[in-house]
Each structure stands twice: as C-alpha cells, then as structure tokens.
Amino acid sequence: MRSFTYERATDAQAAVAAVSRPGAKFISGGTNLLDLMKLDIEQPGHLVDISRLPLRDIEELPDGGLRIGAQATNSDVAADPRVRTRYPVLSQALVSGASGQLRNKASTGGNLLQRTRCPYFYDTAAGCNKRNPGSGCSAIGGFNRIHAILGASDSCIATHPSDMAVAMTALQARIELLDADQSVRRVVITDFYRLPGETPHIETVLRPGEMITSVVLPPPPPGRQLYRKVRDRASYEFALVSVAAIVSAGQETIDEARVAFGGVAHQPWRSVEAEAALTGRPATMATYRAAAEAAMRDAVGQGHNDFKIELAKRTLCRTLAQLAWGAEEAR
Amino acid sequence: MSESDSRATWAASASLAGGISTEVERGRDELAALLAITLNVNGRLWHLEVDTRTSLLDALREHLRLTGTKKGCDHGQCGACTVLVNGRRINSCLALAVMHEDDEIVTIEGLGEPGDLHPVQAAFVECDGFQCGYCTPGQICSAVGMLTEVAAGWPSHVTADVSSRQITLSGEEIRERMSGNICRCAAYPNIVAAIRVIAQGAPE
C-alpha cells in the first residue's frame with residue numbers, strides 16, 4: 001500500500017475543505033477502499049476520515065419519508081424498525097449483501113460509491129479503461145460471465161455491485177450532496193450514476209471533492225415490496241442478477257409498479273419498460289413474462305454472460321409472482 | 001499463566017512494540033507517515049506509534065502482540081481477523097488502526113482465557129467446533145457479535161419477514177449469519193452445533 005497522511009474531519013464543512021488537496025480521498029467504512037489500496041488500484045496520498053461525522057442518524061421527514069445519514073452503517077439501516085416495516089425491500093437488499101462483519105462497517109454513502117468487482121479491474125496486469133483510461137477492456141472477449149447485459153459500451157462492460165442501491169432505485173431515493181464550495185444539492189439516484197460510454201472511470205455525477213451527506217427516501221410507494229437476489233453461492237456473494245420490485249395491485253389489475261435490476265449494468269437499472277408493461281394489466285404470469293421481455297428487449301450478451309438475459313427475465317417473473325401470491329405458490 | 005504474569009507480559013510487549021515500529025518503519029520507508037495513537041483493547045489503553053497504513057489487525061498482532069486474532073486473506077473475505085469494536089463484529093484487516101482511537105476493541109484474548117472461558121469459547125470446546133483452529137478466534141468473536149445482533153432483533157437474509165423482531169436462531173439462520181467466517185477444515189457442523197448450544201441456553 002502507498003503511504004498516505006491521515007486526518008479526521010470534525011464536521012462536514014471541514015471535510016469537504018480538507019479533501020480539496022491533491023490526491024486526497026474520503027474514507028468512511030473503508031471496506032472497499034482499503035481493499036483497493038492494498039491492491040494498488042486506489043492510491044490516495046491523503047485520507048480524510050469522515051466516519052465520525054454526525055451523519056449517522058435515520059430521521060423521519062414531515063412528508064412521511066426518511067433521511068438516512070451517509071455514515072449510517074449498512075447494519076444500522078437494515079435493522080431500523082422504520083426501514084423494516086415501511087421499506088422492507090431496502091432491508092432485504094442490505095442483508096442479502098456482504099457479511100455481518102462488513103455490514104457493520106460499511107456506510108450508506110460508501111455502499112453507493114463502491115467499485116465494480118470486475119476481475120480485470122482488480123488485475124493490474126490487465127487492460128481496464130475504468131482503472132487505467134485508454135488501456136482497453138480485457139473483459140470484452142475475456143471471461144465475462146458476471147458482466148453487464150444492459151447499457152454497456154465498447155469501453156467497459158462492468159456491473160455495479162451494490163444490492164442496496166438497487167432497492168434505493170426502486171424507491172427513487174434522492175442523494176444529498178455537499179460541495180467543496182459548501183453548496184448543497186439533491187440528485188435522484190437514477191441521475192446519480194453514469195453509464196460507461198467512453199469514460200467508464202467516471203461513475204457518478206459527483207463533482208471533485210463533493211461528499212454524500214444523506215440519502216432521502218420518499219414516502220413508501222403503495223403496494224408490496226420484494227428484493228430477490230440470484231447468485232452462485234447461497235450467501236456472501238455478489239448478485240448475478242437481482243430484482244427490486246414494488247407492486248400495487250387492485251382486484252383486477254396492477255395499479256402501479258416499480259422495477260429495478262441489479263447485476264445487469266454499470267448502474268442499478270430501473271426498467272421503465274417493465275413498469276409500463278405491468279401497469280393496468282392483470283396480475284398474471286403472462287403479464288409478468290411480457291414485462292420481462294420488455295425489460296430485456298435491448299439486452300446484449302458478451303458470450304459467457306448470455307445466460308443472464310433469460311435469468312433476469314425469470315428472476316423478475318418469480319419476484320412478481322411471489323409478491324402477488326406468496327413464496328410457496330410462486331414455486 | 002497467572003493474571004499477574006499475563007499483565008507483565010502485556011506491559012513488556014507494549015513497550016517493545018513501540019520501539020520496533022519506529023525503528024523499522026522509519027528505516028525502511030522514509031515516506032511513511034507515523035502517528036502516535038491510543039487504542040483501548042480488552043479494557044486496557046495502549047499507546048503506540050503506527051504507520052498510517054497499519055491495519056487494526058496488524059496493530060493488534062505486530063504492535064500489541066495479541067496474536068490470537070488471525071490473518072487469513074487480509075481482504076475481508078475469510079473472517080479470521082474478526083474482532084469486536086464497540087460490541088460489533090468487524091473485519092480488523094479492513095480497518096485502519098488510526099481510525100479506531102476512542103473505540104472499545106475486544107479480541108479473543110479479551111473474551112476469556114483458559115480457566116475462565118467465555119461461554120461461546122466453552123461451547124466450541126464442548127462441541128469440538130474446530131479442527132486446525134486457525135479460523136476459531138474469528139469464528140468465536142463473530143458468534144459473540146452475531147448473538148448480540150440476534151438479541152437486538154436484527155433480521156438476516158433468511159428471515160422470512162424482515163419486519164418481525166422475533167428471530168428464531170435456526171440452523172439456517174446461524175449458517176447465514178456466520179457466512180462471513182470461512183473454515184477451510186469445514187468444521188461447520190460442529191461450529192453450528194456450538195452456537196446452537198449457546199442460543200438454546202440463552203434466556204428469551
């Protein structure tokens with residue numbers, strides 16, 4: 001690991017001021033950043049510790065939503081009674097990710113900003129436009145079983161690894177940011193991430209030095225919520241495909257639906273196509289299959305990951321069926 | 001080892017560790033950034049000077065000579081380095097020592113010792129919850145943290161209803177909640193049995 005100097009920020013304003021020096025980076029839980037520093041993929045010369053900032057609380061908002069402080073740990077959020085009862089999809093997504101030890105350390109802001117687990121990103125001997133812009137993409141034509149099927153480019157086919165962010169996408173969370181000039185702005189999560197294009201090393205709309213201070217959940221949308229994750233192991237593994245769905249259905253038809261996929265793209269992938277194909281339709285398997293086909297209409301496999309297209313369709317159908325009929329009947 | 005002996009050993013290793021860290025790190029890497037910090041480990045305050053890069057794991061093992069905490073993968077994948085920080089289990093390999101001043105850190109040495117074992121340590125012995133033993137300190141610290149999480153009603157991935165505060169610690173729940181601790185000897189059946197003994201003996 002490269003040498004670095006360290007300081008602990010005392011308040012948010014001081015933190016964004018401190019990180020303005022060249023080579024400086026924020027550190028919070030450190031579960032991803034320290035791993036990448038050990039591998040020489042991240043090489044900060046100065047770390048600004050923001051883990052002790054007073055941004056750990058989860059507070060009620062007047063409109064019925066919740067504000068989650070960026071320093072709240074994944075465990076804190078998953079176990080919060082308000083999250084568990086009003087936003088169960090978020091609690092389910094969080095406990096499906098990582099391990100108990102990592103969730104106790106990982107922060108909400110850090111989870112949003114975690115880097116891809118593409119093996120070529122981790123292999124400093126391989127070409128990777130995300131790690132080293134202009135060096136090519138070794139995953140294209142390489143071993144790409146875990147890679148993206150939607151929104152990829154000729155420069156990068158990496159996926160975003162977060163489960164939490166997929167649930168937050170279905171919930172249309174807003175991310176609150178503090179800039180180095182002390183200005184504050186809010187970005188809807190679907191506008192926060194960038195597709196790889198020709199600049200896969202730029203993953204979000206964060207400005208240099210800008211810090212995530214909190215995530216605002218709007219009041220829970222009507223209907224039932226479910227997060228379903230499909231992976232190579234039963235636990236402690238990243239998603240091949242995951243689905244966060246929120247469905248409100250009347251006697252005859254589906255009134256409103258939210259659908260987001262994980263493991264399929266450079267960002268958590270909201271499918272407005274699936275949502276449109278569900279809204280106003282009867283809650284039947286034929287409807288779910290049509291929604292799945294709509295969601296994957298533009299999906300492109302890279303060879304090893306071709307199976308993900310059908311897997312994503314079936315995972316959506318199964319998730320919607322379980323929401324409508326319960327876990328046993330959905331089998 | 002008597003209590004007074006062990007205390008003398010701790011004091012000796014602490015002063016020894018301070019000397020070594022300064023000499024080696026300054027000698028080999030002039031760019032190293034050193035910081036004087038105080039760590040609260042197992043109820044004792046330790047003053048040490050560390051390179052900012054020092055993980056909590058390396059501070060425990062190399063500076064404080066608390067070698068019960070093990071280094072497995074050093075990347076947060078195996079759980080051998082699990083310790084308790086403010087009562088919560090974490091991977092000490094993915095933590096910087098300089099970030100854990102003012103925290104209460106408990107290692108396997110702080111849970112119990114021969115003749116005065118922590119109930120989870122005793123259950124692992126009773127149920128033969130290990131083979132080579134390398135992952136065991138991490139397994140035990142993780143189990144202690146996990147049982148606290150269950151007592152607080154935290155849900156897991158296999159909890160059918162995440163809104164329910166009532167957790168029944170079934171074998172399935174134990175396996176899911178302990179999935180961050182790998183045992184390459186595959187002593188899993190007896191590890192689960194040891195934790196079940198504790199869970200069933202615990203008051204409601």
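Throughout, protein chains are lettered first and strands after them, A, B, ... in sequence-line order, and every chain is numbered starting at 1. Everything quoted here is computed from the prediction, not taken from an experiment.
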*Distance in Å, B:Leu34 CG paired with A:Tyr6 OH, rounded so as to fall on 0.5 Å steps*: 15.0 Å

*Just one of B:Thr52, B:Val98, B:Leu96 clears the side chain to side chain contact (heavy atoms under 4.5 Å, CB included) bar with A:Leu47, so which one?*
B:Leu96

*Where is the tightest heavy-atom contact between A:Ala234 and B:His157, given as atom of each residue plus distance?*
O-CD2, 4.2 Å

*Measuring heavy-atom distances to chain B, does A:Ala93 have an atom under 4.5 Å in its side chain, in its backbone, in both, or in neither?*
neither

*asked:* Are more than 12 heavy atoms, taken from residues, nucleotides or ligands other than A:Glu59, located less than 6.0 Å from that residue's CD atom?
replied: yes

*Under a 4.5 Å cut-off applied to non-hydrogen side-chain atoms, are A:Thr5 and B:Leu35 in contact?*
no

*Heavy-atom distance under 4.5 Å to chain B: side chain of A:Thr85, backbone, both or neither?*
both

*Hey, are the side chains of A:Pro81 and B:Arg165 touching, using non-hydrogen atoms and a 4.5 Å cut-off?*
yes

*Rounded to the nearest 0.5 Å, how far does SG of B:Cys93 lie from CG of A:Asp35?*
8.0 Å

*Count the heavy atoms belonging to other residues, nucleotides or ligands that lie under 6.0 Å from CD of B:Glu104, then report whether that count exceeds 12.*
no

*Can you establish whether the number of heavy atoms outside A:Lys38 located under 6.0 Å from its atom NZ is more than 12?*
yes

*asked:* On a heavy-atom basis, which atom in B:His100 and which in A:Arg52 lie closest, and how many Å separate them?
replied: CA-NH2, 3.8 Å

*Identify which part of B:Ser164 has an atom lying under 4.5 Å from any heavy atom of chain A, answering side chain, backbone, both or neither.*
backbone

*Roughly how far, to the nearest 0.5 Å, is CE of B:Met99 from CD1 of A:Ile27?*
4.5 Å

*Among A:Ser99, A:Ser91, A:Ser235, which residue forms the greatest number of heavy-atom pairs with chain B at distances under 4.5 Å?*
A:Ser235

*asked:* side-chain contact (heavy atoms from CB on, under 4.5 Å), that's the test. Do A:Tyr236 and B:Glu176 meet it? Break it down for me.
replied: CA-CA 8 Å; A:Tyr236 199 11; B:Glu176 164 59 27; over 6 Å; no

*Considering all heavy atoms of both residues, which atom of B:Arg88 and which atom of A:Ser75 are nearest to each other, and what is their separation?*
NH1-CB, 4.3 Å

_Portion of A:Leu33 that has a non-hydrogen atom of chain B nearer than 4.5 angstrom_ = neither

_Max heavy-atom pair count under 4.5 Å with chain A, selected residue of B:Ala152, B:Ser163, B:Ser142, B:Pro155_ = B:Pro155

*So, for B:Val162 and A:Pro88, which heavy atoms are closest and what is the spacing to 0.1 Å?*
CG2-CB, 3.9 Å

*Checking heavy atoms, do the side chain of B:Asp74, its backbone, both or neither come under 4.5 Å from chain A?*
both

_Within this structure, what is the CZ-NZ distance for the pair B:Arg89 and A:Lys105, rounded to the nearest 0.5 Å?_
15.0 Å

_Distance, nearest 0.5 Å, that separates CH2 of B:Trp154 from CG of A:Asp80_ = 11.5 Å

_For B:Arg175, which atoms come within 4.5 Å of any heavy atom of chain A: side chain, backbone, both, or neither?_
neither

*asked:* To check you understand the geometry: which heavy-atom pair defines the closest contact between A:Gln101 and B:Asn91, and what is its length?
replied: CB-OD1, 3.4 Å

*Residue pair A:Arg8 / B:Asp102: nearest heavy atoms and the distance that separates them*: NH1-OD2, 3.4 Å

*Pick whichever of A:Gln92, A:Arg2, A:Arg86, A:Met37 has the most heavy-atom pairs under 4.5 Å with chain B.*
A:Arg2

*With the side chain counted from C-beta on, respond yes when B:Leu94 and A:Leu102 share a heavy-atom pair under 4.5 Å apart, and no when they do not.*
yes

*Part of B:Glu101 lying under 4.5 Å from any heavy atom of chain A*: both

_Residue B:Ala160 versus chain A: region with a heavy atom under 4.5 Å_ = neither

*Please lay out, stage by stage, how B:His75 and A:Thr31 fare under the test side-chain contact (heavy atoms from CB on, under 4.5 Å).*
CA-CA 9 Å; B:His75 287 279; A:Thr31 54; over 6 Å; no

